[in-house]
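What's counted below: heavy atoms across the whole structure, side chains too, no hydrogens, waters or symmetry copies. Throughout, protein chains are lettered first and strands after them, A, B, ... in sequence-line order, and every chain is numbered starting at 1.
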Number of protein chains: 2
Amino acid sequence: MTETATEEKIKEAARIVFMEKGYAAAGMRDIATKAGVNLSLVNYYFRSKKNIFQIIMLEKMHIIFGNIIPYMVDENTTLEEKLNHIATVYIDTISEDPNLPMFVFSEFQKNPEDFSFLFPIKKINFNEISIIKQFKTIRPDINPAHFMLNFLGLTIFPFIAAHLFSKMNTGIFDNIQTVIKERKSFIPLWMKSILETNLTAK
Amino acid sequence: MTETATEEKIKEAARIVFMEKGYAAAGMRDIATKAGVNLSLVNYYFRSKKNIFQIIMLEKMHIIFGNIIPYMVDENTTLEEKLNHIATVYIDTISEDPNLPMFVFSEFQKNPEDFSFLFPIKKINFNEISIIKQFKTIRPDINPAHFMLNFLGLTIFPFIAAHLFSKMNTGIFDNIQTVIKERKSFIPLWMKSILETNLTAK
DNA sequence: GTCTATAGAGAGATAGAC
DNA sequence: GTCTATCTCTCTATAGAC
């Protein structure tokens, strides 16, 4: 491997510390301690806090978007297959790192300038990717943004709300991680119903 | 009023600074400057950074939950009326302060211990509030957690994702604030479809 | 590559004059 | 109530010995 053991230990510690505390509250000392190395080694390998953070952020962006875009652009699957596949894969992926969505959305919001250059996704015109084209043939009357917000909201929001909801003793969010996994098979069916909903009613 | 003009100026500045930067990155000097007052006045009125933050957080918690719980517990409205009412009121309320959901979820996650005592909601047993009882009579086969996650996901997630999505040039999230407002009438209809979805199918 | 030691900037908080 | 000045601590980052 090209990375030394020390470098990888520091990177792994940085992943944990940044994900737990966010950029601002994370300290270089936290990272060094968690990695079991001397403070100055963190700077030796990564030069600055901002630099190591951007490396971690780029990794996380790839996980959160890189695992979803390829299925969205695939011209050889139906819309139903896409929804099935993405819901399943995505919930499994994020379940291994459940704070990922909050981390990415929240850190991006705080310093958009620092990350706008990180977009490999930046160039993608959603109007021309398969999943949106398929949606448009079924529902030309609805802005595809609604479709994406619905799908991602049903899939991702539970991870974002999990901490707060499970701590507020409501009696219904006690095994929220189990509930989230049930959603793998439910979300595609709910999305189908949403797709068929007549919005001019009432 | 019981609060002096200075105290209120500081509080308003604190609201803005904390919402923009989060607790960790916000500085007492930021707050003083934004309020147009001397640094030591912030400590004079609020004694510590943590203290003023908790005051703001409590306020924000009341906005995000206080505007929704009363409608959920109301025994005199149907489930359909609740969904209509909440979706509309909530989207209007949060639109005035669109970073509110991210702020509350994100700051809570980072320091749960600091805020667990802030719950006025803590004692509410969701299994006994009207909206959940109504849901259970319609769908006794589904965990009510799904119902709440669906409704709140459709309603709140767009606010959380808005920043990131609108900056990634997808071509479909350009007027996302307008899109979000359209959802006021759509969400109740989508929820109706979701409620009627047969989940044993396939 | 890894350590000790420290520079230099910035933070939260307070003492004390007015 | 409001100011100036400052204490004390902690942070990122680096210089320099090994």
Side-chain angles (χ1 to χ4, degrees), chain A residues 1-60 103 106-107 110-111 113-115 118, chain B residues 1-60 103 106-108 110-111 113-115 117-118:
Chain A
M1 52 181 162
T2 69
E3 289 177 353
T4 69
T6 304
E7 185 172 353
E8 185 47 43
K9 270 197 302 184
I10 295 170
K11 211 191 253 182
E12 180 57 20
R15 284 186 195 101
I16 296 168
V17 173
F18 280 132
M19 290 281 293
E20 262 179 17
K21 304 192 173 187
Y23 177 75
M28 296 294 265
R29 281 169 181 80
D30 297 334
I31 296 172
T33 303
K34 175 137 300 192
V37 304
N38 189 279
L39 166 64
S40 49
L41 285 185
V42 183
N43 284 289
Y44 174 77
Y45 282 104
F46 296 96
R47 234 189 56 252
S48 75
K49 181 183 173 184
K50 188 165 212 161
N51 185 51
I52 189 172
F53 179 71
Q54 288 185 328
I55 290 168
I56 305 300
M57 184 70 163
L58 181 57
E59 270 187 21
K60 298 296 184 185
F103 175 77
S106 148
E107 295 297 332
K110 279 170 197 159
N111 282 79
E113 330 80 53
D114 290 356
F115 308 114
L118 289 177
Chain B
M1 49 179 163
T2 69
E3 291 175 353
T4 69
T6 304
E7 185 171 354
E8 186 47 44
K9 269 197 300 184
I10 295 171
K11 211 190 254 183
E12 180 57 19
R15 284 186 195 102
I16 297 168
V17 173
F18 281 131
M19 291 281 293
E20 262 179 17
K21 303 193 174 188
Y23 176 75
M28 296 293 266
R29 283 169 179 81
D30 296 334
I31 296 172
T33 303
K34 174 136 301 192
V37 305
N38 188 279
L39 166 64
S40 51
L41 285 184
V42 183
N43 285 290
Y44 174 78
Y45 282 104
F46 296 96
R47 236 190 55 254
S48 74
K49 181 183 173 185
K50 189 166 212 161
N51 186 52
I52 189 171
F53 180 70
Q54 288 184 328
I55 291 169
I56 305 299
M57 184 71 162
L58 181 57
E59 270 187 21
K60 298 296 184 183
F103 175 78
S106 148
E107 296 297 331
F108 181 87
K110 279 171 199 159
N111 283 79
E113 331 78 55
D114 290 356
F115 308 115
F117 79 95
L118 288 178

Any residue meeting side-chain hydrogen bond (donor to acceptor under 3.5 Å, both in side chains) with B:T33, in chain and number order, not counting sequence neighbours: none
When you compare the protein's N or O atoms with those of nucleotides 13-18 of chain D, which come within less than 3.5 Å of each other, and at what distance?
residue: D:dA13; atom: OP2; partner: A:K49; partner atom: N; Å: 2.7

For B:K9, check side-chain hydrogen bond (donor to acceptor under 3.5 Å, both in side chains) against everything at least two apart and list the hits. none
Can you list every pair that meets side chain to side chain donor-acceptor pair (under 3.5 Å) and has a residue in residues 19-28 of chain B, with sequence neighbours left out? B:K21-B:D30
Which of the following nucleotides, D:dG1, D:dT4, C:dT2, is nearest to the side chain of A:L41? C:dT2
Return the nearest nucleotide to the side chain of A:T6; candidates are D:dC3, C:dT2, D:dG1. C:dT2
Rounded to the nearest Å, what distance is computed from the CZ atom of residue B:F46 to the P atom of nucleotide C:dT14? 15 Å
State which residues pass ring-ring contact (aromatic ring centres under 6.0 Å, His included) with A:F46; sequence neighbours excluded, sorted by chain then number. none
From CG of A:N38 across to P of C:dC3 the rounded distance in Å is 5 Å
State which residues pass salt bridge (Lys or Arg N to Asp or Glu O under 4.0 Å) with B:K34; sequence neighbours excluded, sorted by chain then number. none
Is B:A32 touching bases, backbone alone, or none of the nucleic acid, heavy atoms closer than 4.0 Å? nothing
How close or far is atom C1' of C:dT14 from atom OH of B:Y45, stated in whole angstroms? 17 Å
Taking side-chain hydrogen bond (donor to acceptor under 3.5 Å, both in side chains) as the test, write out the residues that go with A:N38, two or more places apart. A:S40
When all nucleic acid strands are considered with a 4.0 Å heavy-atom cut-off, which category describes A:A24: base, sugar-phosphate, or nothing? nothing
Neighbours of DNA chain D within residues 8-15 of chain B, by heavy-atom distance under 4.0 Å: none
Is any side-chain heavy atom of B:E107 closer than 4.5 Å to one of B:K60? no
Please list, chain by chain and in numerical order, all residues satisfying side-chain hydrogen bond (donor to acceptor under 3.5 Å, both in side chains) with A:K49, sequence neighbours excluded. none
